Amino acid sequence: MIVNAELFVNDLPGQLIGSLEPISLVDGNILGVVHNRDKIIDHRICVNLTFEVDERHLEELKDLWERKDIIISNLGSVHETFTMDYILIGDVNAQYIEGLLKKINEATTLDEVNVRYSSKSIKTASHTSLISVKARYEDNLDKIDAILRRECKRANVTYVRGV
């Protein structure tokens, strides 16, 4: 699993290396290190680490850090998200968008959804909506496309993918 950790180490020489060493002791692979000297709390400097480790070794790693007097501020798994934007043009309102999002949520796993509306056009009486999604799995974007294609066709709404 890929993990992101925010640690606070004593502001002394060798502490950065001391925070990295336990990862290698549990056969982890370091992917990124940010030594954030701007973030100091109680004479401790923030170190942000991204690493790969077998989930079974995570508790052992936490114990190693605690024995080295390293404070774990935040520890969590990292997962990639896939983003896509859609513009819907036509007779779309909040109720219509809510219905679409309900169908999408039933079929997929979304991490985040943002919706923005424009005001109604005087000439055409249509609205424009921008829907931005972040999905945990890439194939969820295909499911969203299928739902939007079907539902927008039924409602005579134009949708544009990937703006």
Side-chain angles (χ1 to χ4, degrees), residues 1-88 92 94-118 128-148 159-163:
M1 81 186 291
I2 297 176
V3 177
N4 184 269
E6 183 178 77
L7 309 174
F8 283 89
V9 300
N10 285 312
D11 190 6
L12 299 168
Q15 292 297 302
L16 177 61
I17 293 295
S19 67
L20 301 175
E21 183 185 39
I23 296 171
S24 66
L25 293 174
V26 296
D27 295 324
N29 181 33
I30 297 169
L31 303 173
V33 178
V34 176
H35 192 213
N36 191 349
R37 296 201 60 81
D38 293 337
K39 195 170 182 182
I40 299 174
I41 299 174
D42 291 333
H43 307 290
R44 291 179 180 264
I45 296 175
C46 178
V47 177
N48 191 286
L49 304 174
T50 304
F51 57 94
E52 204 168 13
V53 68
D54 189 314
E55 191 172 350
R56 297 175 303 201
H57 297 297
L58 205 50
E59 288 302 316
E60 180 184 354
L61 177 59
K62 288 168 36 177
D63 289 341
L64 288 168
W65 278 331
E66 287 176 16
R67 279 189 245 139
K68 288 182 163 275
D69 191 30
I70 295 170
I71 296 173
I72 304 167
S73 171
N74 192 10
L75 184 70
S77 66
V78 175
H79 59 271
E80 185 177 9
T81 57
F82 301 90
T83 58
M84 186 59 62
D85 294 320
Y86 303 92
I87 289 182
L88 278 59
V92 293
Q95 184 178 2
Y96 178 76
I97 298 295
E98 266 186 48
L100 281 177
L101 293 178
K102 182 178 179 190
K103 289 175 183 176
I104 289 170
N105 274 326
E106 289 170 355
T108 63
T109 303
L110 294 179
D111 280 359
E112 185 178 319
V113 177
N114 290 308
V115 180
R116 296 186 191 123
Y117 299 98
S118 73
T128 303
S129 295
L130 172 66
I131 302 174
S132 300
V133 299
K134 285 187 181 181
R136 187 162 299 181
Y137 306 104
E138 192 170 17
D139 69 334
N140 282 342
L141 297 179
D142 295 333
K143 292 176 185 176
I144 294 168
D145 287 340
I147 292 167
L148 287 176
Y159 93 98
V160 180
R161 176 187 189 266
V163 291

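This is a predicted model, so every value here is computed, not measured.
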To check you understand the geometry: which heavy-atom pair defines the closest contact between [X] and [Y], and what is its length?
X     : Y     : value
Leu75 : Phe51 : CD1-CZ, 4.5 Å
Leu49 : Val47 : CD2-CG1, 3.6 Å
Asn36 : Ile45 : O-CG2, 3.5 Å
Trp65 : Ala5  : CH2-CB, 4.1 Å
Ser73 : Phe8  : CB-CE1, 3.6 Å
Leu25 : Leu64 : CB-CD1, 4.2 Å

Under the salt bridge (Lys or Arg N to Asp or Glu O under 4.0 Å) test, residues paired with Glu98 that sit two or more places apart: none
Salt bridge (Lys or Arg N to Asp or Glu O under 4.0 Å) partners of Glu106, counting only residues at least two apart: none
Sequence neighbours excluded - side chain to side chain donor-acceptor pair (under 3.5 Å) pairs with any residue from residues 12-31: Glu21-Lys68
Find out whether [X] and [Y] are in side-chain contact, i.e. whether some heavy atom of one side chain is under 4.5 Å from a heavy atom of the other.
X      : Y      : value
Asn140 : Thr109 : yes
Ile97  : Leu88  : yes
Val33  : Leu16  : yes

Which residues share a side-chain hydrogen bond (donor to acceptor under 3.5 Å, both in side chains) with [X], sequence neighbours left out:
X      : answer
Asn48  : Asn4
Glu112 : Asn114
Lys143 : none

Verdict with supporting geometry, Asp42 and Arg44, salt bridge (charged side-chain N to carboxylate O under 4.0 Å, His left out): CA-CA 5 Å; Asp42 291 333; Arg44 291 179 180 264; over 6 Å; no
